[in-house]
Amino acid sequence: MPTYPLRNPTSSLPQGVAGPSAHSSQKPIEDALQKRELRLMKNREAARECRRKKKEYVRCLENRVAVLENQNQTLIEELRALKDICRHKVE
DNA sequence: CGACTAGAGCGTCAATCTTG
DNA sequence: CAAGATTGACGCTCTAGTCG
C-alpha cells in the first residue's frame with residue numbers, strides 16, 4: 001500500500017482538518033494538492049527514466065545475442081575445419 | 001480516400017524495494 | 001518505520017502501414 005496521498009487529496013487529510021466546505025484556511029488543501037502535483041511530476045520523470053533504462057537493457061541483450069551468434073558460427077566453422085583435417089590424416 | 005490495426009510512447013496508480 | 005525510488009500494469013493517444 002502506498003504511503004503517499006491518493007487521488008483525492010482532501011480524503012487523505014489528517015483528522016480534524018477542514019474540508020472544502022469548511023470556512024477555515026484552505027492552506028492544508030493547497031499543501032496536499034501541491035504535494036500531489038510534486039509526486040506526479042516526480043513519478044512521470046521516474047517512469048520516463050525507467051523506460052529509457054529498460055530499452056537500453058534490451059538493446060544490450062540484443063547486442064550480446066548478436067555477438068554470441070557470431071562466436072557460435074565461428075566455432076562451428078572451426079570445428080568443421082578440424083574434423084576435416086582429422087579425416088584426411090586417417091585416410 | 002476512410003476504417004482498421006499494431007506498435008510505441010506516455011501518464012498514472014499501486015505494490016514493492018531501498019535508504020536514512 | 002516513514003519517505004522516496006523503482007517498476008509492472010493499465011488505459012489512452014498518436015502514427016504508420018494495410019486493405020477494401
Side-chain angles (χ1 to χ4, degrees):
Chain A
M1 221 182 3
T3 55
Y4 42 72
L6 298 179
R7 280 208 145 119
N8 180 1
T10 61
S11 69
S12 60
L13 291 173
Q15 291 293 329
V17 169
S21 58
H23 51 274
S24 61
S25 172
Q26 293 280 99
K27 193 96 193 317
I29 298 173
E30 283 175 23
D31 283 355
L33 282 171
Q34 209 169 344
K35 206 172 171 185
R36 170 178 156 79
E37 282 309 308
L38 188 65
R39 178 173 60 77
L40 289 182
M41 197 184 79
K42 282 188 174 182
N43 189 244
R44 201 178 301 138
E45 282 163 18
R48 267 201 282 262
E49 176 66 7
C50 179
R51 286 170 179 136
R52 190 194 63 75
K53 278 166 65 181
K54 190 174 180 177
K55 276 182 78 175
E56 178 67 17
Y57 174 67
V58 169
R59 254 198 299 275
C60 283
L61 287 182
E62 286 170 345
N63 192 47
R64 184 160 163 73
V65 167
V67 167
L68 290 174
E69 277 175 349
N70 275 339
Q71 283 182 3
N72 196 34
Q73 199 51 46
T74 303
L75 289 171
I76 287 171
E77 281 161 20
E78 196 177 323
L79 179 62
R80 188 176 299 143
L82 288 171
K83 279 181 174 175
D84 218 40
I85 290 172
C86 285
R87 200 178 310 124
H88 281 103
K89 282 196 171 176
V90 169
E91 289 169 1

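Note on naming: letters A, B, ... go to the chains in the order of the sequence lines (proteins, then strands), and numbering restarts at 1 for each one.
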Rounded interatomic separation in angstrom, taking [atom1] from [X] and [atom2] from [N]:
X      : N       : atom1 : atom2 : answer
R39(A) : dT12(B) : CZ    : C1'   : 9 Å
R36(A) : dG11(B) : CZ    : C1'   : 11 Å
M41(A) : dG4(C)  : CE    : C1'   : 14 Å
N43(A) : dG8(C)  : CG    : P     : 13 Å
L40(A) : dT6(C)  : CG    : P     : 17 Å
R52(A) : dC10(B) : CZ    : C1'   : 16 Å
E56(A) : dT7(C)  : CD    : P     : 14 Å
E49(A) : dG4(C)  : CD    : C1'   : 16 Å

OP1, OP2 of [N] versus side-chain N and O of [X]: anything below 4.0 Å?
X      : N       : answer
R44(A) : dC10(B) : no
K54(A) : dG8(C)  : yes
R48(A) : dA8(B)  : no
K53(A) : dT7(C)  : yes
K55(A) : dA8(B)  : no

pair [X]-[Y]: side-chain heavy atoms closer than 4.5 Å:
X      : Y      : value
V65(A) : E62(A) : no
L79(A) : K83(A) : yes
R44(A) : L40(A) : yes

Donor/acceptor link under 3.5 angstrom from R51(A) side chain onto base of dG11(B): yes
Stepwise salt bridge (Lys or Arg N to Asp or Glu O under 4.0 Å) check, K53(A) with E56(A): CA-CA 5 Å; K53(A) 278 166 65 181; E56(A) 178 67 17; over 6 Å; no
Between CG on residue L82(A) and CD on residue E78(A), distance to nearest 0.5 Å: 6.0 Å
